[in-house]
Structures are given as C-alpha cells and as structure tokens.
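Reviewing the structure listed below.
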Number of protein chains: 2
Amino acid sequence: MLTDQIAKLIEQMLEESGGALDLQRNEMAQSLGCVPSQISYVITSRFTPERGYLIESRRGGGGRIRIIRKQMHKNEYLMHFFHAIGNKIEEREALAYLKNLADNDIITEREAIIVSNALSTAALSPVTPEGRGVLRAQIFKHVLLSLMQ
Amino acid sequence: MLTDQIAKLIEQMLEESGGALDLQRNEMAQSLGCVPSQISYVITSRFTPERGYLIESRRGGGGRIRIIRKQMHKNEYLMHFFHAIGNKIEEREALAYLKNLADNDIITEREAIIVSNALSTAALSPVTPEGRGVLRAQIFKHVLLSLMQ
DNA sequence: CTTTCTTTGACCTTTACTGACTTTAGTATA
DNA sequence: TATACTAAAGTCAGTAAAGGTCAAAGAAAG
C-alpha cells in the first residue's frame with residue numbers, strides 16, 4: 001500500500017535526521033509517483049499528535065512541511081496521555097498511544113503488547129460496542145495511573 | 001463442509017508460514033468460490049483465542065486479516081492459568097494468580113501491577129457487577145495469550 | 001422435534017486515494 | 001509601494017476498496 005510506503009520513508013528520514021525533518025510535498029509526491037494530497041493524507045493519518053509528532057508547514061514558493069518527533073519526560077508523557085484519552089477511546093487510538101509509549105521507553109514492548117491485548121476489542125467483546133470505548137478508556141487510565149510514581 | 005475446507009486451508013498456510021499469516025478476505029473467498037463472510041465465520045468460529053489464535057485486521061484498500069498461532073505446548077504454565085480462569089473470575093482470585101505468576105518469574109512485578117490495575121473493579125466499573133467477572137476473565141485470558149510465544 | 005452449526009446476502013464502517021478548488025508566501029513588475 | 005504572478009501547501013468532498021456485522025434461511029446432529 002502506498003500509504004505504508006510513504007510512512008515508512010518518512011520514518012526512515014526522521015531516523016536519519018534525528019527527529020526533525022523538512023520535506024517538500026510536491027517534490028516527494030513526484031518522486032513517488034503519487035498526487036501531492038496523498039502526502040498530506042499520510043501525514044494527517046499517521047504523524048498525529050497522538051503518536052507524538054508535531055507538524056508545521058509553510059505554503060508558497062519554497063514551501064515545506066516540517067515533521068518533528070517530540071520528546072517528553074516519563075510522568076509528563078503519562079499525564080499527557082491520561083488527559084488525551086478522555087471519556088472513551090477507540091482501539092486504534094489506544095494502539096497509537098501504546099506504540100508511542102514504547103517507542104519512548106516509558107513502557108517495554110512486552111508491556112505494550114500486554115496492555116494492547118487487554119484493551120483489544122476481542123478482550124472487551126462481552127461489552128456492547130458503545131460501552132467498549134468508555135470501558136477501554138477507563139482501563140487505560142487506570143493502567144497509566146499505576147505507572148506513575 | 002465448506003468450513004472445514006477453509007479451516008484446513010488456513011491451517012496449512014499457517015504451517016507453511018511458520019505460525020503467522022496475512023490473508024485477504026475477498027481474494028480468498030473468490031478463489032474458494034464462497035461469500036466473503038464465510039471466511040469471517042470460519043475465523044471467528046475456529047481460530048479463537050481459546051484455541052490459541054490471535055486475529056488482527058485492517059479495512060480499506062488493500063486490507064488484510066492476520067492470523068497468529070500461539071504454540072501452546074511451550075507455555076504449559078500459562079496454559080494452566082488460562083484454563084483455571086474459566087468463564088469468570090473475581091478480583092481477589094486474579095490477584096492471587098498474578099502474584100503466583102510474578103513469584104515464578106513468568107511476568108515482572110511491574111507487569112503484575114499493570115494487569116492487576118486493568119482487572120481491578122475500579123477499572124471495570126462501567127460494567128455491571130455481574131458482567132464484571134466475565135469481562136475480567138476475558139481480559140485476563142487475552143493477556144495470558146499475549147504472553148505466550 | 002429441537003438445538004446447534006453452517007451458509008448467505010444485505011447493509012455498515014473504516015481506510016485509501018484522487019482532484020478540483022482555496023489559501024498563502026515569495027517574486028517580479030508597474 | 002502597490003499589484004499581479006507564480007509556486008507552493010491546505011482542504012474537503014467524492015469514489016473505491018477493503019473488512020465487519022447480523023439476521024435469516026438451511027442443514028446436521030442429538
């Protein structure tokens with residue numbers, strides 16, 4: 001899938017540049033053989049604040065899109081997500097949060113796997129779809145709390 | 001029976017791929033001459049967590065269904081607990097199990113804390129008291145499965 | 001005969017992708 | 001300086017391509 005390729009490319013560029021990079025939308029689209037809005041799509045769907053990225057951009061001649069992977073400290077992270085969760089949360093959002101926590105060494109990979117399974121739709125299947133999001137948020141928050149000192 | 005054929009095919013594919021495979025529902029349905037929902041039926045009725053399988057999926061263009069087989073025999077200890085849990089479980093029982101798992105270094109102290117919080121009555125408060133035990137069992141089982149190789 | 005399992009199809013939700021149109025910033029020109 | 005031109009990126013609605021869900025009909029088992 002195109003989206004995955006582009007996301008992978010951007011991640012790789014971020015890795016090489018140490019967490020912040022500038023790219024040009026048209027240029028990248030051309031070199032990948034896709035329409036420019038595809039780049040926008042990838043950025044808005046994959047490099048979200050939830051996953052720990054900041055986006056800045058500038059239009060006009062010589063425009064650019066800047067992608068920054070932001071770093072925080074442990075409790076800050078935990079608090080950030082605690083608040084971000086809100087009243088209910090979908091599985092894919094929760095996964096994004098967990099990946100972010102693991103990537104930043106707030107939790108281990110194994111812990112991320114454990115929690116993601118605890119929050120999975122499959123695990124919460126006894127509850128109605130409407131209730132699930134609320135329950136997932138509740139559980140996730142309790143887990144995050146247990147990780148704060 | 002169609003279901004058995006499909007199940008056999010998937011098992012065979014799992015064998016060849018070494019325990020984890022991606023398939024496309026529509027594609028497989030077409031090549032077998034059945035409706036796509038038949039594939040879903042086989043997966044939900046045969047490749048359940050109880051039998052040691054984990055399912056993930058993604059929709060949209062180029063979507064997929066991922067089936068992962070856990071090797072039960074390598075996880076006798078975890079399987080023991082898996083079966084002991086039954087259909088529902090009280091919080092204090094779950095805590096006892098977790099302590100046991102931690103004491104035997106199957107999980108870390110921290111992991112035990114995380115899971116105990118996820119299974120706590122507080123975390124599961126959106127659910128009725130009757131439903132809680134069932135849900136707790138379901139979540140616990142999924143967590144145990146995720147710990148198996 | 002009843003219950004449980006299988007099969008189907010209609011309808012729903014999510015995700016990917018595109019293109020036309022809008023907005024913004026820099027550059028050249030009157 | 002004010003104005004037009006050009007080269008970006010932003011937006012958003014529409015289309016298509018998946019998988020999910022569920023109820024109902026049919027088949028098999030007990």
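A note on names: the letters A, B, ... follow the listed sequences, proteins ahead of strands, and every chain is numbered from 1. Side-chain atoms are counted along with the backbone in the values below, which use heavy atoms only and exclude waters and symmetry mates.
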Candidate nucleotides dA9(D), dG20(D), dA18(D), ranked by approach to the side chain of Asn26(B) - the nearest: dA18(D)
Once you round it to whole Å, what is the distance between P of dG26(C) and CZ of Arg64(A)? 9 Å
Taking CZ from Arg92(A) and C1' from dA16(C), how many angstroms apart are they, rounded to a whole number? 14 Å
Do the ring planes of Phe81(A) and Tyr97(A) sit parallel (below 30°), tilted (30 to 60°) or perpendicular (above 60°)? tilted
N-O pairing of Asp22(A) and Arg58(A) below 4.0 Å: no
Answer yes if the side chains of Glu56(B) and Ser120(A) hold a donor-acceptor pair under 3.5 Å, and no otherwise. no
Between Ser57(B) and dG20(D), does any side-chain N or O lie under 4.0 Å from OP1 or OP2? yes
From the set dT7(C), dT18(C), dA9(D), return the single nucleotide nearest to any side-chain atom of Gln38(B). dT7(C)
Roughly how many Å is it from CZ in Arg66(A) to P in dA9(D), rounded to a whole number? 14 Å
Specify the separation, in whole Å, of atom CD1 of Ile55(A) and atom P of dA9(D). 13 Å
5' precedence on DNA chain D between Pro129(A) and Gly63(B) (nearest-nucleotide basis): Gly63(B)
Identify, between Ser45(B) and Ser45(A), the residue whose nearest nucleotide on DNA chain C lies closer to the 5' end. Ser45(B)
The side chain of Cys34(B) is closest to which nucleotide in this list: dC12(D), dT8(C), dT14(C)? dT8(C)
With no hydrogens and no angle check, just 3.5 Å: does a side-chain donor-acceptor pair link Glu91(B) and Ser116(B)? no
Note: Asp103(A)-Lys99(A) ion pair, threshold 4.0 Å (strictly below): yes
Taking for each residue the nucleotide of DNA chain C bearing the nearest heavy atom, is the 5' side occupied by Gly60(A) or by Ser37(A)? Ser37(A)
dC17(C) phosphate, OP1 or OP2, under 4.0 Å from Tyr41(A) side-chain N/O: no
Just how far, in rounded Å, is P of dA17(D) from CE of Met28(B)? 21 Å
Mind checking Thr3(B) for me? I need base, sugar-phosphate or nothing, with any heavy atom below 4.0 Å counting as a touch. sugar-phosphate
Provide, to the nearest angstrom, the distance between the CD atom belonging to Gln5(B) and the P atom belonging to dT7(C). 9 Å
Does a side chain donor of either Tyr77(B) or Asn100(B) reach within less than 3.5 Å of an acceptor in the other side chain? yes
Measure distances between side-chain N and O atoms of Arg58(B) and base N and O atoms of dT15(C), and say whether any donor-acceptor pair falls under 3.5 Å. no
What's Ile65(B) touching, base or sugar-phosphate or nothing? Going by heavy atoms closer than 4.0 Å. sugar-phosphate
Which nucleotide in dT7(C), dA8(D), dG19(D) has an atom nearest any side-chain atom of Leu2(B): dT7(C)
Between dG19(D) (P) and Ile43(B) (CD1): distance, integer Å: 10 Å
In whole angstroms, the gap separating P of dG20(D) from CG of Leu23(B) amounts to 10 Å
Residue met sooner reading DNA chain D from 5', once Ser40(B) and Met1(B) are mapped to nucleotides: Ser40(B)
